[in-house]
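Notes to accompany the following structure.
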Amino acid sequence: MNILQHTGIERPEPGTGLKVHFKDSNGNLIRTVEANEGDDILAIAHEYDIDLEGACEGSVACSTCHVILPEEYYDLLPEPEDDENDMLDMAFGLTDTSRLGCQVKMTKELDGITCTLPAATRNMFVDGKKASH
C-alpha cells in the first residue's frame, strides 16, 4: 500500500533554489525563501516557519493552507481537482486566484512566485480547535 504522506522538505543550497515570496494579508513581505522543484507551498512554509496552517497535513480535508496567488502564476498551474475546489469553497477570503498551498507544487516556471496569506483561516477539519494565531 502506497500512502502519500505530507513530509518535510530539504532546503536547497543557498542561491540554487526556486524563490518563493510569502506576503501577509496587507501585502507586506514576510520572507523570501528557496525551495526545490516538486516541493509544495505548505511544506515550504512549514520548513521556514511561515505561519501557514495545515490542519489536515496536506490531505485536502481542510482549507487552512489557503494562499492567494498572482494571476500570472495561477494560470501556470493545473486546474484544481474537485476535492480542492470543495475545500476552497469553505476558505475565508476566497479569490479567483486562491489555491490550497498543499496542492501547489513548485516547478521552474513558478520560480519567483508570491504567495499571499489570507487575513484569517476557517478550519472545518478540527472541530472546536482554536487557531494559534
Side-chain angles (χ1 to χ4, degrees):
M1 185 191 306
N2 234 353
I3 297 174
L4 182 63
Q5 297 236 302
H6 200 75
T7 57
I9 61 168
E10 287 189 28
R11 295 183 186 201
E13 289 295 315
T16 65
L18 304 172
K19 291 209 176 354
V20 182
H21 310 286
F22 287 96
K23 290 187 174 182
D24 66 19
S25 59
N26 296 319
N28 301 312
L29 183 67
I30 299 169
R31 189 167 180 193
T32 296
V33 301
E34 291 185 53
N36 295 301
E37 212 168 339
D39 293 344
D40 66 76
I41 297 298
L42 177 60
I44 296 164
H46 286 182
E47 174 64 25
Y48 289 99
D49 297 320
I50 308 286
D51 191 20
L52 182 61
E53 195 179 339
C56 77
E57 299 179 341
S59 63
V60 197
C62 75
S63 63
T64 60
C65 68
H66 166 219
V67 292
I68 301 162
L69 307 175
E71 191 170 349
E72 64 270 20
Y73 286 100
Y74 180 90
D75 290 343
L76 294 172
L77 296 170
E79 288 289 312
E81 298 286 334
D82 288 346
D83 53 354
E84 181 181 359
N85 277 325
D86 290 346
M87 291 301 115
L88 282 169
D89 286 343
M90 294 187 282
F92 182 89
L94 186 67
T95 74
D96 288 343
T97 60
S98 290
R99 290 298 297 263
L100 296 181
C102 67
Q103 297 303 296
V104 178
K105 305 266 189 263
M106 288 300 294
T107 62
K108 286 182 174 61
E109 294 77 32
L110 296 179
D111 189 18
I113 192 169
T114 297
C115 300
T116 302
L117 308 186
T121 60
R122 186 175 293 141
N123 186 356
M124 305 293 195
F125 182 69
V126 182
D127 192 29
K129 180 177 187 258
K130 291 231 186 280
S132 60
H133 44 307

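Everything quoted here is computed from the prediction, not taken from an experiment.
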Examine distances only and state if a side-chain atom of [X] and a backbone atom of [Y] form a donor-acceptor pair shorter than 3.5 Å.
X: Glu84; Y: Val60; answer: no
X: Thr95; Y: Ile68; answer: no
X: His66; Y: Leu94; answer: no
X: Arg11; Y: Glu47; answer: yes
X: Asp111; Y: Lys19; answer: yes

* Is any side-chain N of the basic residue among Lys108 and Glu37 closer than 4.0 Å to the acidic one's carboxylate O? ->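 Judged by the 4.0 Å cut-off on N to carboxylate O distance, Lys108 and Glu37 do form a salt bridge.
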Might you point out which heavy atoms bring [X] and [Y] nearest each other, and give the distance in Å?
X: Tyr74; Y: Ser98; answer: CE1-O, 3.6 Å
X: His46; Y: Leu52; answer: NE2-O, 2.7 Å
X: Ala61; Y: Cys56; answer: N-SG, 3.3 Å
X: Thr97; Y: Glu71; answer: CG2-CA, 3.9 Å
X: Gly17; Y: Pro12; answer: CA-CG, 3.7 Å
X: Ile44; Y: Ala35; answer: CD1-CB, 3.4 Å

* To do: Tell me, with the steps shown, if Thr116 and Val67 meet side-chain contact (heavy atoms from CB on, under 4.5 Å).
  => CA-CA 6 Å; Thr116 302; Val67 292; over 6 Å; no
Do [X] and [Y] come within less than 4.5 Å of each other through their side chains, counting heavy atoms only?
X: Cys115; Y: Leu69; answer: yes
X: Asn36; Y: Ile9; answer: no
X: Leu100; Y: Ser63; answer: yes
X: Met106; Y: Ile113; answer: yes
X: Ile41; Y: Phe22; answer: yes

What do you reckon, is [atom1] of [X] surrounded by more than 12 foreign heavy atoms closer than 6.0 Å?
X: Glu72; atom1: CD; answer: yes
X: Asp75; atom1: CG; answer: yes
X: Asn28; atom1: CG; answer: yes

* To do: For the pair Ile30 and Leu117, evaluate side-chain contact (heavy atoms from CB on, under 4.5 Å) and give the outcome as yes or no after the intermediate values.
  => CA-CA 10 Å; Ile30 299 169; Leu117 308 186; 3.7 Å; yes
* Would Asp51 and Asp24 satisfy side-chain contact (heavy atoms from CB on, under 4.5 Å), going step by step from the backbone distance to the final call? -> CA-CA 9 Å; Asp51 191 20; Asp24 66 19; over 6 Å; no
* **Between SG on residue Cys65 and CD on residue Gln103, distance to nearest 0.5 Å** =>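 Answer rounded to 0.5 Å: 7.5 Å.
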* Walk me through it: do Leu76 and Leu110 pass the test side-chain contact (heavy atoms from CB on, under 4.5 Å)? => CA-CA 8 Å; Leu76 294 172; Leu110 296 179; 4.1 Å; yes
* To do: Determine whether Ile50 and Leu42 fall in the same hydrophobic cluster, where Ile, Leu, Val, Met, Phe, Trp and Tyr are linked whenever their side-chain heavy atoms lie under 4.5 Å apart.
  =>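 Yes.
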* Geometric cation-pi criterion Arg99 and Tyr73, 6.0 Å radius, 45° cone ->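 No; the conditions do not both hold, so Arg99 does not lie above the ring face of Tyr73.
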